[in-house]
Amino acid sequence: MKHNDIGSREAAIDGHHVEMYPGTEIMEDYAGSHLVHSHNDKRGAVLIPHPSDNLDDPLNWSPFWKWTVVATQAITILTGVISALSVSPLTLVFEAEWNKSEHAIAVLTSNLVLVTGYTNFILVPLAEVFGRRFVLLACSLITLGASIWHGAAQSYSSFMGARIMIAVGMSISESLMPMVISDVFFLHERGRFVGIYFFFLFNAMFLGPLIAGSCEKHFGDWRTFYWIASSFCAASTVAAFFLHPETKYKRELPEEVAHPVVTTVVGEKVDIEQFENPGNNGGGSGGGGGSSSSDQQRIDRDPALGNGKPSKQQFKLIQGMDKDALKKVSRHVVTPIHLLIFPIVVFGSWVFTSAANGLLLINYTQSGALSASPYNFDSGQIGLSNLALACGGTIGVFTAGPLSDWIAMYLTRRNHGIREPEMRLPTLVPFILLSALGIIITGLGFEYGWPWEAVIVVGFGNIGLMTVALSTVGITYAVDSYKPVAGQIMTIATVVKNTFGFGMGYYITEWVADDGYIPAYMMQLSVVVGPAILGIVVFMIFGKRLRKLSRNSKVHTF
């Protein structure tokens with residue numbers, strides 16, 4: 001049975017009727033069908049998307065080159081975000097130097113946050129048309145120039161200009177790496193690597209204030225931090241030039257390997273046809289109806305898998321313009337907005353937004369709370385408090401991604417080898433409880449002057465865990481459901497997150513000054529816990545039906 005629907009397939013597997021909608025994947029061989037498995041081992045996971053036979057296909061690259069790309073992306077994120085998000089422990093210093101209020105200093109961060117989000121409406125299309133490498137190098141140079149400008153700024157307005165410039169450069173930290181992960185890694189690996197991405201993104205946010213505060217304390221000059229940050233940005237730019245090849249790749253085979261679709265089941269005899277992807281212009285067998293033995297061998301085993309490496313072309317500074325992507329460039333601008341009508345994308349974006357803005361709430365309030373009695377921390381000590389956030393984030397990366405992958409695979413085996421994106425959602429439960437604990441302890445601790453050990457170790461630690469864990473599972477669920485638009489999902493998720501973060505900068509400090517810390521932190525508790533719990537219930541029940549309703553959307557043809 002072949003369907004006219006873009007994303008609709010049906011299969012009868014071991015007597016079980018399965019509706020195949022976007023995000024649903026067959027993770028086992030059935031009825032004589034053969035798919036490529038990880039490590040070319042029957043016991044390994046089925047590889048989705050299907051790699052080509054070429055050694056320069058990023059899916060076929062050796063572990064060395066895949067990890068090199070991840071490391072280069074991570075270094076770029078660390079250097080850019082550390083340089084950009086470092087103002088909070090310097091709030092009192094900037095207030096004195098420029099005779100500005102706490103609110104005016106908070107605006108330095110909120111304006112940066114807003115520009116960072118909306119710049120991705122431009123950067124994601126550029127990455128599709130000119131490639132990931134071009135955008136990475138261009139933004140790295142912008143970040144380097146902005147870091148130098150920070151250190152040289154002599155006035156509040158000049159420093160604000162540097163903030164806007166660095167926001168443009170470091171915007172790639174919130175969109176490019178998810179695109180590269182989809183280019184280089186398979187479905188069963190994505191949870192782990194999305195977790196690694198969020199680990200570096202949020203740890204950079206944690207470490208920026210820590211390093212900036214320590215530099216101001218030990219050198220007596222906040223500018224020293226930006227000179228050091230500039231040297232790191234220069235080093236990461238050089239590393240990107242020599243070690244980060246282009247990962248955007250056009251395969252002769254369709255992006256999603258043809259899944260076996262059972263047309264008739266008579267007793268134990270099964271007839272199988274290949275589901276043809278829309279827009280597939282080749283890559284299958286030519287002519288004839290049957291598969292040759294060489295075709296079957298190619299499907300059974302990929303000799304290039306794990307043995308590939310980038311070509312010289314993939315290291316060129318200019319890869320050339322993708323004319324097909326250019327013709328569709330408007331889709332890359334419009335699609336992130338269009339994705340807001342998809343409940344699954346909205347849910348993933350909100351989980352990411354609420355978790356990340358819990359960290360931003362600390363950035364806006366920690367300086368005022370920890371510099372006052374009973375803590376009386378100086379700028380260096382305020383910066384060091386972010387170490388607890390980094391520790392929590394580290395726990396998050398080693399638990400959330402791998403745990404969501406393990407739970408999804410366990411439920412896949414129980415579901416006769418059929419993977420549904422919703423199988424990741426139960427992973428959220430323990431992290432929601434720990435998130436609530438961290439927010440409550442931090443808010444009450446700031447308000448009532450609880451011992452710093454409780455506030456920082458338990459409160460900050462669990463909020464650090466929250467930012468990485470909830471973001472990892474929420475975004476991975478959305479990307480699993482709509483894989484062709486992974487970059488656009490991160491774009492709209494970042495826009496939602498940063499729009500709320502921008503607004504927070506204009507009211508949070510005054511609200512805390514008027515009403516104390518409890519109302520602000522209880523608001524944060526509600527926006528984290530409420531939607532996450534509701535989403536688990538709703539999408540575990542109705543998630544597949546919602547994906548069915550969107551099966552004919554053009555987002556599946558990207």
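Aromatic ring centres of Phe159 and Trp222 lie closer together than 6.0 Å. Separation of the Trp511 and Tyr364 ring centroids does not fall under the 6.0 Å cut-off.
Rounded to the nearest 0.5 Å, atoms OG (Ser553) and OH (Tyr482) are 7.5 Å apart. The CE atom of Met504 sits 5.0 Å away from the CE atom of Met523 when rounded to the nearest 0.5 Å. Separating the CG atom in Leu361 from the OG atom in Ser354 is a distance of 12.0 Å, to the nearest 0.5 Å.
Just one of Val115, Val107, Val87 meets the side-chain contact (heavy atoms from CB on, under 4.5 Å) condition when paired with Arg163; it is Val87. Applying side-chain contact (heavy atoms from CB on, under 4.5 Å) to Leu85 and the options Thr109, Ile166, Leu359 leaves one that passes, Thr109.
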What side-chain donor-acceptor pairs closer than 3.5 Å can you find for residues 196-215, not counting sequence neighbours?
unit_1	atom_1	unit_2	atom_2	d
Tyr197	OH	Ser173	O	2.8
Asn203	ND2	Phe199	O	3.4
Ser214	OG	Leu210	O	3.0

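Between Asp378 and Lys217 there is a salt bridge, since a side-chain N of the basic residue sits under 4.0 Å from a carboxylate O of the acidic one. A salt bridge links Lys544 to Glu420: one of the charged nitrogens lies within less than 4.0 Å of a carboxylate oxygen.
For Phe398, the CZ atom is loosely surrounded, since the number of other residues' heavy atoms within 6.0 Å does not exceed 12. Within 6.0 Å of CH2 on Trp450 lie more than 12 heavy atoms contributed by other residues, nucleotides or ligands. Residue-environment remark: OH (Tyr156) exceeds the threshold of 12 foreign heavy atoms within 6.0 Å. More than 12 non-hydrogen atoms from other residues, nucleotides or ligands lie less than 6.0 angstrom from OH of Tyr375.
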